[in-house]
Amino acid sequence: MINKTVTNVEEAIHDIHDGATIMFGGFGLCGIPENCIAALQKRGTKNLTCISNNAGVDGFGLGLLLATRQIKKMISSYVGENHEFEKQLLSGELEVELLPQGTLAERIRAGGAGIPAFYTPAGYGTEVAEGKEVRVFDGKPHLLEHWLRADFSIVKAWKGDTAGNLIFKGTARNFNPMMATAGKITIAEVEELVPAGTLDPNHIHTPGIFVSRIFQGEQYEKRIENLTTL
Amino acid sequence: MINKTVTNVEEAIHDIHDGATIMFGGFGLCGIPENCIAALQKRGTKNLTCISNNAGVDGFGLGLLLATRQIKKMISSYVGENHEFEKQLLSGELEVELLPQGTLAERIRAGGAGIPAFYTPAGYGTEVAEGKEVRVFDGKPHLLEHWLRADFSIVKAWKGDTAGNLIFKGTARNFNPMMATAGKITIAEVEELVPAGTLDPNHIHTPGIFVSRIFQGEQYEKRIENLTTL
Amino acid sequence: MALDKYGIAKRIAQEVKDGYYVNLGIGIPTLVANYIPSDIQVMLQSENGLLGMGPFPTKDKVDPDMINAGKQTVTTIDGAALFNSAESFAMIRSGKIDLTILGAMEVSEQGDIANWKIPGKMVKGMGGAMDLVASARNIIVAMQHTSKDGQSKLLKTCSLPITGLHCVKKIFSDLGVFDVLPEGGFKLLERAPGVSVEDIIQATEGMLIVEGTIPEMKI
Amino acid sequence: MALDKYGIAKRIAQEVKDGYYVNLGIGIPTLVANYIPSDIQVMLQSENGLLGMGPFPTKDKVDPDMINAGKQTVTTIDGAALFNSAESFAMIRSGKIDLTILGAMEVSEQGDIANWKIPGKMVKGMGGAMDLVASARNIIVAMQHTSKDGQSKLLKTCSLPITGLHCVKKIFSDLGVFDVLPEGGFKLLERAPGVSVEDIIQATEGMLIVEGTIPEMKI
């Protein structure tokens, strides 16, 4: 069996260099690669361009790398939860590219699907359309959007096997599967790593071919952003 | 619970009209909607445009509708298994549009994803490129391909629930999930229909929102095209 | 008296019909779920990857891996399905959502909506709103009629960066219910309890169309 | 003596390296699977939606829902994954397949390949071949060197409708092994056992490059 296992988070991220473009899976704090983010902070890798739907919160998720000024640029769709982010953005310290969430998801999917560009109606007539080609299909204007790819994609799954196959749980799936396909090197951290042959091939969300390295995270805090109960 | 159940195959296909464009799931004879195809033959609906990766074999699958001359046009990627098909094609009785398999899959996926057009490298420099826009990305020429949608999509799943959620088995998945998203009306026949709430939401391949009607097929022959054993 | 946010949510809940797939934005729209009549069957879509969203969990059922687009912990109902973000927006762009309910900072009489940015002040981002307004067939807005300093938010043209053009079909504010006409203009359909047509005229900068007697809404 | 199809498959199997993801076309390429050394780890991709294809099943394990792209009944190995056709070609177009082995009717000295249509005679369709040749990084061809009536199939330019331009990297025929040079031309690397360079020159219409002594292949 092709084996993608690495021993720990340090080995998984050992070659992430200053200035790298990195995709981070997750929606809010749900389904984020906690172990890799913490290790990147410890390692101090700088000038990162981060592609992530959100930017974490103050003190958790990508908020950790914002606090230490390791992020040069964010490509996201919604950043309303993070004060440090807003501060760095309004002061001009942080470059930010905001994209419609569906366009972000589809551009990443296109990157992993070998589709260099596609047309979508989202954003027509808005700031997002600036500098983009407009084309009318069936009487409706659309924007040309290009694929997104990254030097590294870092994703978090519920279960994974040594062949790199991944299964996500609940809404922690979100951007993780597309990002897994769009990294030159894709690093997967999982809650439970099992031998190849353990997972039902019919249940796999991300086939192992997309995963370069896999390891079981030491611990998951899984912080909840808005705890709401009946 | 929103309930998509219809009582039988006749009710499921009752409004398929002469001249309709229909997508049929399946790869070869694997994962084809046997019950709907048989019922369409019985009903005698004519002048159909069929979008299907293959055209069945003589006497089974879409071969049944070819034998009765119910198909006006086929949009497929590979039709090498069907002598009736080749005869009708070479004699000019049958219109045929052949597409690269990945382009076919992606055009259907685009139809269900609200992406009117995209660029792909497949087919550049070949007959398939005739009349299509060529555009160079990263030094490589690509073709502009448009979405495919259909009046009806007919898919076959292993299990389904009353809310229309579908789970496919093995390689019988193939084109079925994309086609389910690209029909104005999507009809799903399943081997086993269960109450909503029975299937694990994490294992569902096609969310019920894409399915208009669902029923349990009376019988599945599941003919094997090339039986190969050790 | 003008409605509070619960009142707006209650009134909007009447727009939800049996068999609908519905996407609820953050804020007032999220509250709508609490008032959907129990005798109709509805599936709520959350664009982070869930169709068939249920109520908030009881304390012992909280699962950090199960949240909605507002990052609140939620549950699933029978018939729910989970999927990734690309599939979620495939669903949205292909027009499968019957009703989309969004919050707004401003709406123009042409149906333009602004709800993602205040230049120099606040940048939340558009999230999924731009995709929703560009593709959904049926978009209604839940909003306060005026800002805290009394400025109308139903305008001739939006002053803030817009989220989408010509997309809002109906507005439910604290003062009333309005159709946004295809040819432009806010057509007054209902008044909030105790709110007069005069009050609404006062609070509306964009073209307001008032025809005949305007009934008070029932909630 | 020229190789039979099993001999070609055996020789190609030596090109498969440890850790490779491999797509095998219909015909001779499918046979390659039988000769991959047991001490290397390989994952076979079948474009109908399977990664980790195993051998044919024993009679009692036949499953009509588990076939390969040639519609043959197959099995899965540990670590296999199933997916739909769009995901399968996403994998292919994004360059994740390390080695693609295809059959061909003709190959030109520029690396063009024709394998899907004989005008007026035979129309099988291109299946996944056009996607594979347009995107895969490493495409090798398994083919007979000449047609049944002795015409060369390694040509200056293809006479049949082509499947893709400038994509074939290497050819394994019944007579030998050839690099297709980036600047054009078939560079002879190995002779089939008992086949002379003279035989190969005779059978090759396109530009053949022969440098130094050409070893006999080991199979």
Side-chain angles (χ1 to χ4, degrees), chain A residues 1-5 23 105-118 147-150 153 157 159-168 173 177-186 188 193-214, chain D residues 16-23 36 38-54 63 65-68 74-100 128 130-138 164 167:
Chain A
M1 199 55 38
I2 295 178
N3 194 327
K4 307 287 180 83
T5 313
M23 293 186 181
E106 190 68 13
R107 286 179 65 182
I108 297 166
R109 191 255 170 203
I115 300 293
F118 60 90
W147 71 19
L148 278 173
R149 291 182 158 185
S153 281
K159 289 185 183 178
D161 70 18
T162 51
N165 294 302
L166 304 178
I167 296 179
F168 304 92
R173 195 182 319 178
M178 290 90 73
M179 288 181 170
T181 68
K184 263 179 233 150
I185 292 175
T186 291
L193 182 61
V194 299
T198 312
L199 305 175
D200 183 340
N202 214 29
H203 293 166
I204 285 163
H205 296 128
T206 294
I209 193 171
F210 292 114
V211 173
S212 321
R213 304 167 192 166
I214 191 167
Chain D
V16 181
K17 308 296 177 205
D18 194 32
Y20 266 20
Y21 292 96
V22 181
N23 181 290
I36 295 172
S38 59
D39 61 336
I40 66 171
Q41 309 301 330
V42 169
M43 289 286 246
L44 300 178
Q45 199 248 21
S46 193
E47 67 261 29
N48 56 320
L50 167 59
L51 186 70
M53 182 167 60
D63 179 355
D65 290 330
M66 192 60 72
I67 64 169
N68 65 14
V74 293
T75 57
T76 57
I77 64 170
D78 283 352
L82 294 156
F83 34 86
N84 68 41
S85 302
E87 292 167 323
S88 181
F89 284 93
M91 221 170 261
I92 287 167
R93 276 191 309 265
S94 67
K96 301 292 180 189
I97 307 292
D98 297 297
L99 179 63
T100 299
M130 277 191 187
D131 310 274
L132 282 161
V133 301
S135 294
R137 286 174 282 136
N138 189 8
C167 52

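Scope of the values below: all heavy atoms of this structure, side chains included, with no hydrogens, waters or symmetry mates. Proteins come first, then strands; the chains are lettered A, B, ... in the order of their sequence lines, and each starts at number 1.
- Expressed to the nearest 0.5 Å, how far OG of D:Ser135 lies from NZ of D:Lys96 amounts to 12.5 Å.
- For the residue pair A:Phe168 and A:His205, the shortest heavy atom distance occurs at N-ND1, 3.0 Å.
- The distance from atom CG of D:Asp18 to atom CG of D:Asp39, rounded to the nearest 0.5 Å, is 8.0 Å.
- Counting heavy-atom pairs under 4.5 Å between each of A:Thr181, A:Ile115, A:Asn3 and chain D puts A:Ile115 at the top.
- With chain A as partner, the option from D:Leu82, D:Thr76, D:Ile40 having the largest number of non-hydrogen pairs under 4.5 angstrom is D:Leu82.
- Of the two parts of A:Leu199, neither the backbone nor the side chain holds a non-hydrogen atom closer than 4.5 Å to a non-hydrogen atom of chain D.
- Listed by chain and residue number, A:Phe175, A:Met178, C:Ser85, C:Ala86 satisfy the side chain to side chain contact (heavy atoms under 4.5 Å, CB included) test with A:Ala105 (two or more places apart in sequence, or in another chain).
- Here the straight-line distance linking atom CD of D:Glu87 with atom CG of D:Leu51 works out to 12.0 Å at 0.5 Å rounding.
- The CG atom of A:Leu148 sits 11.0 Å away from the CD atom of A:Glu106 when rounded to the nearest 0.5 Å.
- For residues 160-167 of chain A, heavy-atom neighbours of chain D at less than 4.5 Å comprise A:Asp161, A:Ala163, A:Asn165, sorted by residue number.
- Nearest approach of A:Pro201 to D:Ala80, heavy atoms of both residues: CB-O, 3.5 Å.
- Ranked by non-hydrogen atom pairs under 4.5 Å with chain D, the options A:Gly208, A:Pro207, A:Ala110 are led by A:Pro207.
- The distance from the CD atom of D:Gln45 to the CG atom of D:Asn23 is 5.0 Å, given to the nearest 0.5 Å.
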